[in-house]
Chemist: 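Take this structure, written in C-alpha cells, and hold onto it; I'll ask about it next.
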Amino acid sequence: MRVTSRVLVCDPIDHVGISTLEKAGMTVDYRPNIDGKELISMVKDYEVIVVRSRTIMSHEVIDAAINAKIIARVGVGLDNIDIKAAEIKGIRVINASEAAINAVAELVIGNMIALARGITRADTEMKKGNWIKKDLIGTELRGKYLGLIGVGNIGRNVGRIARGLHMNILGYDVIPINQDYIKEVGLIRTDLNTLAESADFISCHVPLTSDTRRMLNAELLARMKPTAYVINTSRGEVIDENALYQSLKNNKIAGAALDVFEIEPPTNRLLIALPNVICTPHIGSQTKESQELASTVIAEKVIQIMYEKSI
Ligand SMILES: NC(=O)c1ccc[n+]([C@@H]2O[C@H](COP(=O)([O-])OP(=O)(O)OC[C@H]3O[C@@H](n4cnc5c(N)ncnc54)[C@H](O)[C@@H]3O)[C@@H](O)[C@H]2O)c1
C-alpha cells in the first residue's frame with residue numbers, strides 16, 4: 001500500500017511508526033519540540049498531524065491546518081484536541097486506545113501495592129539511614145474492595161489483574177458493563193456514592209469530559225473510609241486537587257497515588273509533598289511496549305485511511 005502524504009509529527013513518538021509511514025511512501029517531518037506559534041505557521045503544509053498529549057490542537061491550529069485530513073493521537077486521551085473544530089473541517093481524529101491498556105493497568109497495581117505497604121516511604125527513610133520497620137505495618141490486597149470509576153479498556157484490565165490478586169471488584173460506569181466481564185471478575189456494579197463508601201482502593205479510569213471534571217470532589221471524598229486509597233491515572237482534573245489535599249492532610253483518607261495532575265508539571269507542591277502521596281510524572285503509558293504499539297497502530301491506521309482516500 002503506497003501513499004504520498006506529508007506528515008508532521010509534533011511530539012516524541014517511537015521511531016517504528018515513523019519508519020512504517022516512510023516505508024509506505026509518506027514524507028515525515030519529525031518535530032517533537034515544536035511550539036504553538038511555529039505549529040500554526042507550518043501546519044498548512046501537512047495532510048496528517050501526529051501528536052501525543054503535549055501538543056494542543058486548538059481551534060486556532062485546526063483552522064490553520066487547511067490541508068489536514070487526519071489528526072492522529074499516539075495514545076488515548078483526546079482532551080488536547082478540539083474535536084468539534086476538527087469535525088466541522090472534516091478532519092478525522094484517531095487514537096491508539098488499545099496501546100496503553102496493559103501499561104496503565106500495571107502502574108495502577110504497582111501503586112496499590114506501594115500504597116498498601118508504604119514502599120516509597122520505606123525507601124525514602126532507608127536512604128536517610130532510618131530503619132522504620134515498626135512503623136510499616138501495611139495491609140494486603142487480598143480480600144479488599146477495589147472500586148473502578150470507569151469500566152472501559154483500562155478499568156477492565158485493572159479489574160482482571162486485581163481479581164487475580166483475589167480482590168473484590170466494584171464498578172461504576174455510565175454505560176452498560178459487558179455481562180461476560182461481570183462474570184469473569186465477579187464485578188459488583190454500584191452507584192458512585194456506594195463505591196466511594198465501600199472501596200478500600202478507588203481507581204479512576206474515565207475520560208476528561210464536562211461530566212467527569214472534578215467528579216471526585218469534597219463530598220465524594222468525605223464518603224470514603226479513612227483507611228482507603230485513591231489512585232488516579234486518568235486525567236488530573238477528574239479529581240478536585242484541593243479537596244484531595246484537605247482529605248489527605250487531615251487523614252480523612254489513607255493515601256493517594258497520582259500519575260496525572262490538573263496542571264502538568266504540577267504547581268500544587270503542597271499536594272505532592274504530602275508523605276501519604278505517591279507521584280509519578282504522567283508515566284501511565286511510558287513503557288517501551290506501549291510506545292511501540294501506539295506508534296505502530298497509529299502508523300497503520302494513518303496509512304489505511306490515506307490509502308482509502310486516494311482510491
Ligand atoms: N496516565 C496515562 O498515561 C494514561 C494513558 C492512557 C490513558 N489514560 C487515561 O485513562 C482514561 C481511561 O482510558 P480508557 O482507554 O480506559 O478509556 P475508555 O474509553 O476505554 O473507558 C472509559 C470509560 O469511562 C466511562 N465513562 C465516561 N464518562 C463517565 C462518567 N461520567 N462516569 C462514569 N464512567 C464514565 C466510559 O463509559 C468508558 O467505559 C482516560 O482518561 C485516558 O485519558 C491515561
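All ligand and atom numbering here is 1-based and tracks the order in the structure.
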Chemist: Testing the 3.5 Å rule here: is there a donor-acceptor pair between the side chains of His282 and Thr280?
Modeler: no

Chemist: Do the charged groups of Arg6 and Glu47 touch, with an N to O distance under 4.0 Å?
Modeler: no

Chemist: Specify the protein heavy atom at minimum distance from atom 21 (O) of ligand 1: its residue, its atom name, and the distance to 0.1 Å.
Modeler: Gly152 CA, 3.2 Å

Chemist: Non-hydrogen atoms of Pro207 versus ligand 1: any pair closer than 4.0 Å?
Modeler: yes

Chemist: Suppose we measure from atom 15 (O) of ligand 1 to each protein heavy atom; which comes out shortest, and what is that distance?
Modeler: Val76 CG1, 3.5 Å

Chemist: Please could you name the atoms of ligand 1 that Val104 approaches to less than 4.0 Å, counting only its heavy atoms?
Modeler: 4 (C), 5 (C), 6 (C)

Chemist: Going by distance alone, is a donor N or O of one side chain under 3.5 Å from an acceptor N or O of the other, for Gln246 and Asn242?
Modeler: no

Chemist: Under a 4.0 angstrom heavy-atom cut-off, which atoms of ligand 1 come close to Gly77?
Modeler: 43 (O)

Chemist: Can you find a side-chain donor-acceptor pair between Thr209 and Asp211 that sits under 3.5 Å?
Modeler: no

Chemist: To check your reading of the model: name the closest protein heavy atom to atom 18 (P) of ligand 1, its residue, and the distance in Å.
Modeler: Asn153 N, 4.0 Å

Chemist: I'd like to check whether Asp79 has a polar contact with ligand 1, where a contact means an N/O of the residue lying under 3.5 Å from an N/O of the ligand.
Modeler: no

Chemist: Should Ile175 be counted as touching ligand 1, given the test is an N or O pair under 3.5 Å?
Modeler: no

Chemist: What are the atoms of ligand 1, with element, lying closer than 4.0 Å to any heavy atom of Val151?
Modeler: 39 (O)

Chemist: Among protein heavy atoms, which sits nearest to atom 41 (O) of ligand 1, and what does the distance come to when rounded to 0.1 Å?
Modeler: Val206 O, 2.6 Å

Chemist: Out of all atoms in ligand 1, which are within 4.0 Å of some heavy atom of Thr212? Include the element for each.
Modeler: 28 (N), 29 (C), 30 (C), 31 (N)

Chemist: Give the numbers and elements of all ligand 1 atoms closer than 4.0 Å to a heavy atom of His282.
Modeler: 1 (N), 2 (C), 3 (O)

Chemist: Which atoms of ligand 1 have any heavy atom of Gly284 under 4.0 Å away?
Modeler: 1 (N), 2 (C), 3 (O)

Chemist: Got a second to check how far Ile83's CD1 is from Asp79's CG, nearest 0.5 Å?
Modeler: 8.5 Å

Chemist: Is there a continuous path of hydrophobic side-chain contacts, each under 4.5 Å between heavy atoms, that joins Ile109 to Val151?
Modeler: yes

Chemist: For ligand 1, which atoms sit closer than 4.0 Å to a heavy atom of Asp259?
Modeler: 1 (N), 2 (C), 3 (O)

Chemist: For ligand 1 and Ile154, I'd like to know whether there is a polar contact (N/O to N/O, distance under 3.5 Å).
Modeler: yes

Chemist: Could you tell me the residue and atom name of the protein heavy atom closest to atom 44 (C) of ligand 1, and the distance to it rounded to 0.1 Å?
Modeler: Thr233 O, 3.0 Å

Chemist: Is Thr209 in polar range of ligand 1, meaning some N or O pair under 3.5 Å apart?
Modeler: no

Chemist: Compute the minimum heavy-atom distance from Met215 to ligand 1 and say whether it is under 4.0 Å.
Modeler: yes

Chemist: Checking a contact table here: which protein heavy atom is nearest atom 12 (C) of ligand 1, and how many Å away?
Modeler: His205 O, 3.3 Å

Chemist: Could you tell me if Thr55 and Asp11 have a donor-acceptor pair between their side chains, going purely by distance under 3.5 Å?
Modeler: yes

Chemist: Under the side chain to side chain donor-acceptor pair (under 3.5 Å) criterion, do Tyr229 and Asn276 qualify, and how do the steps go?
Modeler: CA-CA 9 Å; Tyr229 298 94; Asn276 51 353; over 6 Å; no

Chemist: Taking Glu262 first and then Arg214, would you say they form a salt bridge - that is, a charged N and a carboxylate O separated by under 4.0 Å?
Modeler: yes

Chemist: Report yes or no: do Glu300 and Gln304 form a side-chain donor-acceptor pair below 3.5 Å?
Modeler: no

Chemist: Apply salt bridge (Lys or Arg N to Asp or Glu O under 4.0 Å) to the pair Lys288 and Glu292, showing each step before the final yes or no.
Modeler: CA-CA 6 Å; Lys288 199 172 165 358; Glu292 267 179 27; 2.8 Å; yes

Chemist: Give me the residue, atom name and distance of the protein heavy atom closest to atom 29 (C) of ligand 1.
Modeler: Val174 CG2, 3.5 Å

Chemist: Once you round to the nearest 0.5 Å, how far does CG of Leu192 lie from CG of Leu220?
Modeler: 4.5 Å

Chemist: Tell me: protein heavy atom nearest atom 39 (O) of ligand 1, and distance?
Modeler: Asp173 OD2, 2.6 Å

Chemist: Can Asp123 and Thr120 be counted as having a side-chain donor-acceptor contact under 3.5 angstrom?
Modeler: no

Chemist: Under 4.0 Å from any heavy atom of Tyr172, which atoms of ligand 1 are there?
Modeler: 32 (N), 33 (C)

